Structures are given as C-alpha cells and as structure tokens.
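None of these values were measured; they are calculated from a predicted model. Every chain is numbered from 1, with letters handed out A, B, ... down the list of sequences.
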Amino acid sequence: MTIQKSALSSMSTSIQPPATFQCVVLGHGGGGQLTDVLINQLVLPRLGNPALTDLLDSGMLDDGRLALTIDSYVVQPLFFPGGDIGRLAVSGTVNDLAVSGAVPMGLALSMILAEGLPRQILERVLDSAAATAAEAGVRVITGDTKVVGRGQADGIYLTTAGVGKMEPSPQPHPARVQPGDILIINGPIGEHGLAVMLAREMPEVQSVLRSDAAPLNGLIGQLRTCVPGVVFMRDPTRGGLAGVAADLAARTGYRIILEEMQIPIRPEARHAADMLGLDPLDIANEGKVLMAVRPAEAQAALNLIQSHPLGHQAAIIGHVSTEIDGLCVLRTEIGGQRIVQKPYGEQLPRIC
Amino acid sequence: MCLAVPAKLITHNGLEGVVDLHGNRLPVNIMLTPDAQPGDWLLIHAGFAIEKLDPKQAGETWALLRDVAQAAANSPAGSEADASAHSSTGKGDRR
Amino acid sequence: MNIGARPSEELLRALHASAADIGRSIAFMEVCGTHTTSAFRCGLHSVMPKNVRLISGPGCPVCVTAQADIDELIDLGSRREITLCTYGDMLRVPGKHGSLEKARGDGANIEVVYSSLDAVRMAQTHPDRQVVFAAVGFETTAPATAAAICAAQELGLDNFTVLASHKLILPAMRALLSAADRPMIDGFLCPGHVSVIIGSDAYRCIVEEFNTPCVIGGFEPGLLLSSLLCLTEMIAAGRVALVNQYPQAVRPTGNAHAQALLQKVFETGNAHWRGLGLIPQSGLFLRQGYARFNAAQRFSLKPVEDREPAGCICGRIISGLALPPECKLFGRACTPVQPIGPCMVSSEGTCAAWFKYGPHRAESHGVAPAQQLQEVLP
C-alpha cells in the first residue's frame, strides 16, 4: 500500500511529462500544469533569462527598483456578476504589481476589438476600467487600439501592462519564506471563477455569487507599511488557491500545510462548486491575496486585513512546516491529509 | 460515479422546475419526480431531479438535515447571508 | 433542529475499535467514482485503520468505457457536419488519435454540456447541424439520456442522435465476484446515486448469492465513515446483510418513474467494459423504436477494434486487482497532463485521484497512523 519514493517525488514538483503537443488546446491557457508545459517547453528555452526564469507576477528592472507586469484578458462573457473585462484588466495588473511589493505607477492598455462591436459595449468596458483605475489610484498613461475582422476575435480582448515602484522594504518573495510562517487569505475563495463559469456555461442559473475582482493595492500597501513580517504574497487567480499554495511549496521546498476547516468559502460558492463537480481550491479569484507572515506578526496582520473593506473575512488558513518535501498538504475535516496540486488546465463542469 | 446535490424546489410549471441551491437558482427537469411540490428537497443530477429527499428518513445522517436547518435559518433563500459566509470547504454534503 | 448524528471523531474512533476486533486485513470496494473522489478529498485513506483497505471498483463511467467506444466518439466528433455535445468528464479521455479536447483544438465542434437537454436545445437552435450527444454513465445518468431522446422525438428533431455507452453496475459487481481471479472483497460500499434509481433491494442478489455485505452510503465525509463503520461492524460480528445508510434518498425499490423511462427507451445487452471485457446484459442500448436517434446507425459507424494502450493496467485497477503505483506508467508516462489510460483522466478515476490527492497512506507522509490519529481524536 505504500507508494515508492520515486512515485512520491514525481508527484511533488511540477510534472515534466513526455508530452509534446502539435496544437494548442484551451487547457494550455488555464494557468495550471498544462500552462507550465507550454512555458517550459516553448517560452523559457527561447526567451529565458535570470529575470524571467523566476516566473513571478512581475519582472524587475533598474536593479530591482522598478517592477513590470503584463496580462491579457479574454474573459467571456464580457460582463458578469460583480465585474466585467474592464474591471478585471485593471485590477488584475494592479494586483500583480502589488503582490510583488510594488506601488503601481501607471498602466498601459491595449485593446483588440472585433469589427461590429457595438459602441455602447466599448463605452461600458472603458467606463468600468476608468472607475477601477480611479479606485486603485492609478492612471492609464498609454495604450493601443487594433480592430480585427468580424469573427477573428470574440468582442474585446484587453491587455494591460503596469509599471510599479518597488518599496524600499524587502520584496515579498518565496525565498524569504521560513518554517513557522503563517498563511493568511483575505476572504472567501472561488467566487470569481464560479460567477464567470455560471454566466458563461449556465446562463439560465441565477446566482447570488459575484466576482470578487478588485484592486488590492490599497490593502496591500497598508499591510506592508504596518507589518514588515509579510514575506510572501501572491494572488490566487487561475489555478486558484491550490495552484498558488502548491507552487509556494515547490519553490520553497518546505511542506505547506493548509487547514480545510479554516479556509473561508461561502456556502453559495461551495454548493455551486459541488454542483459543477469542481474543487473550490482550484477555482480562480481576482480580489484575493495569499500571504505568508512571520508568526509573531500574524495576528496583527490579520487584524489589519480584517479592518479593511476587502478583508473582512480574512482568515489564517495554514502554515509553513519544517518538513522539506515541497508538498502542499491539506488537513481535512475528518483529520485526514491529502496532497494539494496545481490544477491541470481548463476547469470543466462535470456530472460524474 | 454520479454527482448529485440536494436543492429545494421553488416553483414548477409542468415538468420545468426551478430549485434553489444555497443562493443559486437553476432550472431542473422534474419528470422523474412528477409529484414534487414547492418546498420539497430534491436530489439534482445533470439538470434532472432524480428523487425527492425524505427528511423523515434522515435520522442517522445529517447532511440533509443540516441543509434544511441552514436554509430555515437563512430565509429567504437567495439572500446574501453574510452570517453564514464564513463556512469552510470541508463542511456540507458534497455530492 | 436535533441532528442525531455522530461527529466524525467518534465515528473514526468506533471504526478503529471495530477494525481492531476483526484482527485480520480486510478490503472493501467502492463502486462509485464519486465515493472514490470524496474519500480522497477528505483524506479518508490517511486515517483508515491499518487493516482496512478501501479499493476502487468499476464505478467511474469514463474509466469503464471501452477504448473502442472512445475512439468511435472522437472519430464522430471530428466530422465536419457534426456538433458533439459531451459532459465535461469525457473531454480529455485519450483515444487512439488524441482526445476530444485535442480534436476541438484541431477545429472539431465539441460542446461541453451540463444536461442532456442542453444538447437537445442545441439541435433545436442549429437545425443545419447534426448534433450528437455522447451518452455515458450508469443508471443515474441514463434516464437523462432517455428523457433527451423522448424530448427530441416530441419535437420531431431529425438532427439529434446519441452515441450511447450506458452501463449497469450490478452486472459488473457480479462479474467481479464471479471472475477466476476474484479480487479480495469483504464488502461493498454501494453507489448512493445509482441506488436512488435502482433501489436498495437490487443488491440483495449480491448479499445472498455471493455472501458479501453491502452498504449503500452517502458521500459526505461523515456519511462515508458511517458506511465503513457499518461494514466493519458486520465483519466483526460475522454478519452478512444489506444496509441502506442513505435512506433519505434511496428507497427499497428505487425511482419507478426513472425505471419506466429507461425501460421505454433502452433494452439491455452485452457490453464491453474496459479491463473487464464483455459482460452479459450490462449495457443499455436503444430499442428498435428509437433507432433513428442512434448515432451509430445514423452515421453508419463500423465496429472499431478494441485495443487498450500498451502497458496500461486501468482494467486491473478498476477490477480491484492492482493499485495505481503498481502500474509502470503511473506518474511517469501517464499523468493527468498527458494521460494514457482513462483512469488518469476522469477526475474521479482511481489513478487521477491517487495522483491528485495521493500519496495517501499515513506512512507515506512520514507520519505514523497512531500519531496522526491522536491529532484527530480529542
């Protein structure tokens, strides 16, 4: 019944299958293990360099004084409960800067529009992007517009790049994580992914679930000022909490322990995930940050986050253990343990 | 082999019903439970109600009862019940 | 409301006590992929008594679908005139030439649906397309297919067909117990939602003919534990019985409406199961009166040779004869990113569950079970 050590180690870190692929499939964009395959096989061999190979949320420039990030948004539908592609494009890029320890300085916004797109839709998306940028206190300082023929793109694709100024305090980084560090998340998980999936796949479902898409730079800025012991931050977007936690374990080499009963999730989200056959840990968030905090400062961090509007339901959900195996282990409701891995690719509703 | 979740029937019109699954309202076909009435708890699989749940039978198990109790506490279903939001991934009947 | 349930710590303690009474190694088989996933998701295996194993039987519809049926599906889905509607579960199952996911990447029209009726609606709104519904699943799912066919008939749709490979669980359980290399099974954890349709009485034959205890159980961790406790208590007491631990959903005779619908649309016939081979009267096939909804007939599909991938032991795994790590391909050539056998694809497949939630025995975590139990027990 015991598993050979070799099988164990092959499971612990990112998988290097013999997989080559002839055509890109949707799962290659899912932010999971399939995305890793694409990046490791095609991107890194050609474009890899010390700055890129870290594969963190932002790259560093000017001896670590500036952070640069970029993200494309192709969400369907363009409008969904709790947000839209414009809000997503601004908050996603702002968050990638913020979790890297940078103060967002300015954004670049590139639009690819499909011929025939109604003006009103573009207005709504841009209004929302503007409102979100104001909320984040950041301006769009440059941009680009392209139009492609009808059928060549699905409505609107947005790309936002962002530049941020690194704060003088040490950068949050997996390398700073130590055994004993406490893991905190700023609220209930899974809502963005579920809201979008329900809107796209099951539009007939009326749900109270709303995307959590929000710029987190305010919350993170306060936290960084008041709690120097925040040593790691990452936004659990595609790939969910599972993806970020498993990645943290693999990068640090320590075992990460998550406590299932402490992970906040609304019943509405849990039941929707059950209905769709999805694991809430795998589902995308757009207004959440997972952070590792030195144990002595964990309570102060939690209090501060909970006093922020985007962190009322923050919780301590686990810790970094002393064991060195690079696994993320979830302690479950019945006291059992299981390994948490990065999801593979596309999240699919299932019935079986 | 088969995911099924309990949900409460809200309305129905012939074989087309609408159930509430903790704030998620979805259409279901009730042809396999033709005598289902609004208020009944149904087991939903792939868009079909496959059985009426019998609360009287639930004695030794708590999954259904917890749902019923929770729903009673959080009326009306579909409201954003913030008090119950701090649940966890581990709780509740899974499938 | 008074909830007369025992908390999971208490159930777990009772399970360990009962297992200790038995004094030998025993194995239970779950024949429901959702039980498999549920057990892994709650880390059940890591807290099980050392002498009690829970092995996974042929309970995942994707995993038991014969390779030939999967090849047929992918072939059909790749045809230009066809829109293939499938449950998400089937998308990544590998055939001889890739999967539906890959076919979609190559331009095939593959739609993931949540309900069979979504496929009917697709046919209604796309009269210029031939819509084929990939109908897999056991008794729980088959009524939805039957309902879709009846709906298509009522609507007079001539562009809707199904490629059905529905299977029945009882013939598979009997086949396992009758096989020459019968796996050691001391009791069955019977599938809760199949039982909703077929009723608890259906398992009497297993109890009586094969002298094997059967417990019908729910899926929540506490319900899983109480079903296992029920099985170990039976073994400890030397009792063989059928116990329905999911009575709120499962009636003795099942859902008569669903059974009547199945009877109306389908007839039973011999079916190929991956790894188990041909099992008599274990498949559901469209009755002659519904032949025009049969995709195999509409598109004149020729029988494909059934050939399982070299080295893949999915068949032995779903028969309870082997565990995933015993397979040479497991975790090396065969991973969820690049699955070779279907047990690695379906998220409720045994290999995928092992891979995703495994190494699941406490000792493989470097934690002695007793120590771990102390964390659990107050």
Contact class of A:I317 relative to chain B, heavy atoms under 4.5 angstrom: neither

Flag side-chain contact, heavy atom, 4.5 Å: B:L26 against A:M275: yes

Atom CG of B:D35 with >12 non-hydrogen neighbours under 6.0 angstrom: yes

Within 6.0 angstrom of A:Q206 CD, more than 12 heavy atoms from elsewhere: no

Separation between CD1 of B:I44 and CG of A:D274, rounded to the nearest 0.5 Å: 13.5 Å

Minimum-distance pair of heavy atoms, taken over all atoms of B:H22 and A:E268: O-CG, 2.9 Å

For A:L209 against B:N24, the heavy-atom pair lying closest together: CD1-OD1, 3.9 Å

Which residues share a side chain to side chain donor-acceptor pair (under 3.5 Å) with A:Q222, sequence neighbours left out: none

With sequence neighbours excluded, residues passing side chain to side chain contact (heavy atoms under 4.5 Å, CB included) with A:D247: A:R234, A:R251, A:K342

